[in-house]
Structure formats: C-alpha cells, structure tokens
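Order of the sequence lines fixes the chain letters, A, B, ..., with proteins taken first and strands second; residue numbering starts at 1 for each chain. Atom set for the values below is all heavy atoms of this structure, side chains included, hydrogens, waters and symmetry mates excluded.
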2 protein chains.
Amino acid sequence: MVEAQHMHEGSEARRTGSGETLLYLTDEQLRQGAEAMFFAYRGFTADPDRILAGLSYGRAHHRALHFIHAAPGTTVNNLLNILGVTKQSLNRVLRTLIEDGLVESRVGRVDKRERHLFLTDAGGTLERELSDAQRARMRSAYKQAGPEAVAGFRRVLEAMMDPEMQRQYRRLMEGRG
Amino acid sequence: MVEAQHMHEGSEARRTGSGETLLYLTDEQLRQGAEAMFFAYRGFTADPDRILAGLSYGRAHHRALHFIHAAPGTTVNNLLNILGVTKQSLNRVLRTLIEDGLVESRVGRVDKRERHLFLTDAGGTLERELSDAQRARMRSAYKQAGPEAVAGFRRVLEAMMDPEMQRQYRRLMEGRG
DNA sequence: TTGGAATGTCAACAAGGCTGACTTAAACTG
DNA sequence: CAGTTTAAGTCAGCCTTGTTGACATTCCAA
C-alpha cells in the first residue's frame, strides 16, 4: 500500500483505475538522487581508501581482495567480468597482490588454463581490515536509517544496475543467504 | 511502525521495552550492501560516460558541469570543496571547459579575487544531455522500486556521507525544493 | 591436428587524482 | 601604510588505474 507518510517529500503517487501506481518524478528529485549517490559513494570508499593510502595499494586492490574473498577460487576471467575492467588492468593489480603474498593463484585442475584465486592468511587479514572499516560506516548508516529504509535502499540500487551486473550481483547473493 | 513485510530479507528488528528499535546487522548483510553500492554506482555513471567517451571529456568534466548547473555563480573554491579534489586537478578540467566555451568565469564584483562560474548555452546543452541520460536510468529505477523504497534509498545514502559532505548536500537541497 | 579459448605479458598512452613551489591580485589587518 | 592572508591560476612531476594493440603460451575440443 502506498501511503502518504511513506512517500518521499515531494514525490507523488496516484492509483489508476487499473490499480497501476503512477509516479511523477520531477527532474529536480532525480537530480537530488544523483547528488546523493555522488556524495554517498565518496563516503562509502573514504575509510578503506585511507587505510590503503598508507600501504602502496589503491581502490583497485581493495576491489580485487573483496571479490576474491566473496568468491574464493574464482577464475581470472570471472573476476574480470565482475570488476568490469580489462585483463591488463586487473593483471597489474593481481600481480602485485600475488608478489606480496596476499593472493594465491592456483592452476585449475580440470582446466589447467584457468587460474583460481584465493586469499592467503595475510590477504584475508587485509581484506578484513578494509571491509571492517567500510562496514562500520554502513552499519551506522543502516542503523540511522532503519530497516524499512535499508530495504528500499537495496531495491533502488538493484534496479539501477545494468542487467548483466544485476545477474552477477544475484549470483553472488546466492549461496550466502 | 516496523512491520515484517517492510523489512529486508534476513534483517531483524526488535522493539525494546523503552521503544528503541534494535537492529541485528550481520557482516554478510553489510557486505551485500557494499556490493550493491559498487554495482549500482557503475550503472549510475555508465550512461553519461558513454556520451563523454565520444567527446574528449571524462567523468570529471561531467561533475563540474553538474555542480555549476546546480549552483550557478559558485566560486572555484566552493566547487573545490563540493567535488573534494585539489585546485590543480579541478583547474585542468575547468580550463578545458572554459576554452571550449562551455563554462564562463566572471570576476567577482564584491571580491575581485573570486571567479564565479556559469554554464554557457553550449555548456547547458551538454549538461542537459548528460543528466538526461543519467536521469533516465534513475527514473526507471525509482519507478521499479516504488516511492517507499526511494525514501529509504535517500535516507541511507544521506547517512552514509561524511558529515561535511552531508552539510554540502543539504545546502544544495535548500533553495531547490 | 588445428582452431579457438584462457591466460599472461609487453609497450604505449590518457584521464584524473596527488604534492610542492611559485605568481598575481585583491583583501584584510595591525 | 606595510605586511599577511586569501583566491585563483600555473608549472612540473608523480601515481594509480583505466585503455588498445600485439603477441606468446598452454590447453581443450572438434
């Protein structure tokens, strides 16, 4: 049920005869949403970035560590698709992580062309440090906003993804509850 | 009121005797939120990026155009704070925009050290083209998710910002409805 | 056995961040 | 008025992280 007290200030909804909900979204409301995304993403990355600045790593290293943690044993190609970068770009990051002993690359058993990626103990430790920093902010934001807001947050974000990314995202959600 | 059907799958809320709502947020739920942010931000920037790729501009030019549009007459220093980059970095972008006749820089009347920035007609046209592309996706996401979700989306994003960015954001919201 | 797929590597380049040093002009302040 | 601070711009150099293109290797599968 769409009720006034649940609606964003300024947005309007109306039920048609057929029961379909129409939304009147002004350009201004959408603009504000875009700005919110911009500022929030800055906050989202700020804490891990601060940690990484000390080490000689960047945000790209964090992303690699994150998704290797999320899907241990993933192949390079799979990681490429998730991250949406070229293999040359990923390779540069991956190479330093392997050299520094944070990531282990194992030749595939069934297909020996493939490399399966795992975090070493040291890699797991850094990954945890980075995500702890990121999660602290998210936890605080979730608590401030409340569970209804969080559900809406997730719904809008999912609807904003490219269809291919949405598939990747849902695949990652499976098998993790 | 917190009711089960409004809650995100897997999140739990409980009312204490004092009426305070407690949230039990697992690391896993927060991780999923982080991944949603990552994938959604990619989608968020994808459409304007495609347009900019043709021209010799990048995302940084888009951001400058966006905020000059949002706050016409803003000074360079103010824009610096909003974008969170160094003046050297902004200057490189701003210089090309001014040279190409998309942005006009006027010497301040009251303080002649300041430069006030405005979009030219051409600048306004490009800005509109870029935000139209971005807004189309946001409009679609907002419609899919519904007004309650949008309100929650905005609440979580705002709570995720650095306090200083939150101030900038709210200041921008004022005087625009 | 040959074609194609997966991976890795080299080179070159561009965008867009950063720091540091310095100039100019204007404004403020003692 | 002299000295300091502020706003803006510039130059030089560096780093990360993205890109393309070319090419080698390895291995699977038809």
Within the structure, does a side-chain N or O atom of Asn91(A) lie under 4.0 Å from either OP1 or OP2 of dT7(C)? no

The side chain of Gln88(A) lies closest to which of these nucleotides: dG16(C), dC10(C), dT19(C)? dC10(C)

Listed pairs under 3.5 Å, donor-acceptor, residues 121-133 of chain B side chains, sequence neighbours left out:
| from | atom 1 | to | atom 2 | distance (Å) |
| --- | --- | --- | --- | --- |
| Thr125(B) | OG1 | Asp121(B) | O | 2.9 |
| Glu127(B) | OE1 | Arg31(A) | NH2 | 3.1 |
| Glu127(B) | OE1 | Ser131(B) | OG | 3.3 |
| Glu127(B) | OE2 | Arg31(A) | NH1 | 3.1 |
| Glu127(B) | OE2 | Ser131(B) | OG | 2.9 |
| Ser131(B) | OG | Glu127(B) | O | 2.5 |
| Asp132(B) | OD1 | Arg135(B) | NH2 | 2.6 |

Under 4.0 Å protein heavy-atom contact, by nucleotide of nucleotides 24-30 of chain D - B base, S sugar-phosphate only: --BBS--

Quick check: do Arg167(B) and Glu164(B) have side-chain heavy atoms less than 4.5 Å from each other? yes

Identify which nucleotide among dG17(C), dT17(D), dG9(D) has an atom closest to any side-chain atom of Ser89(A), counting heavy atoms from C-beta outward. dT17(D)

Give a yes/no answer on whether the side chain of Thr86(B) brings an N or O atom under 4.0 Å of OP1 or OP2 in dC18(C). yes

Expected list for residues 128-135 of chain A near DNA chain C, using heavy atoms below 4.0 Å, is none

Can you see if the side chain of Asn77(A) gets near the phosphate of dT7(C) - specifically, an N or O under 4.0 Å from OP1 or OP2? yes

Residues from residues 56-64 of chain A lying under 4.0 Å of DNA chain C - heavy atoms: none

Determine whether Tyr57(B) and Leu102(B) make a side-chain contact, defined as any pair of heavy atoms from C-beta on separated by less than 4.5 Å. yes

Rounded to the nearest 0.5 angstrom, the OG1-CZ distance for Thr45(A) and Phe38(B) is 12.0 Å

For DNA chain D, which ranges pair as stems of 3 or more consecutive Watson-Crick or G-U pairs, with both donor-acceptor distances under 3.5 Å? C:1-30 with D:1-30

Of all the choices, dT9(C), dT19(D), dC18(C), which nucleotide is nearest to the side chain of Val85(B) once you look at every atom? dC18(C)

Do any of residues 97-105 of chain A sit with a heavy atom less than 4.0 Å from DNA chain C, and if so which? none

Which nucleotide in the set dT9(C), dT7(C), dG17(C) lies at the smallest distance from any side-chain heavy atom of Arg92(B)? dG17(C)

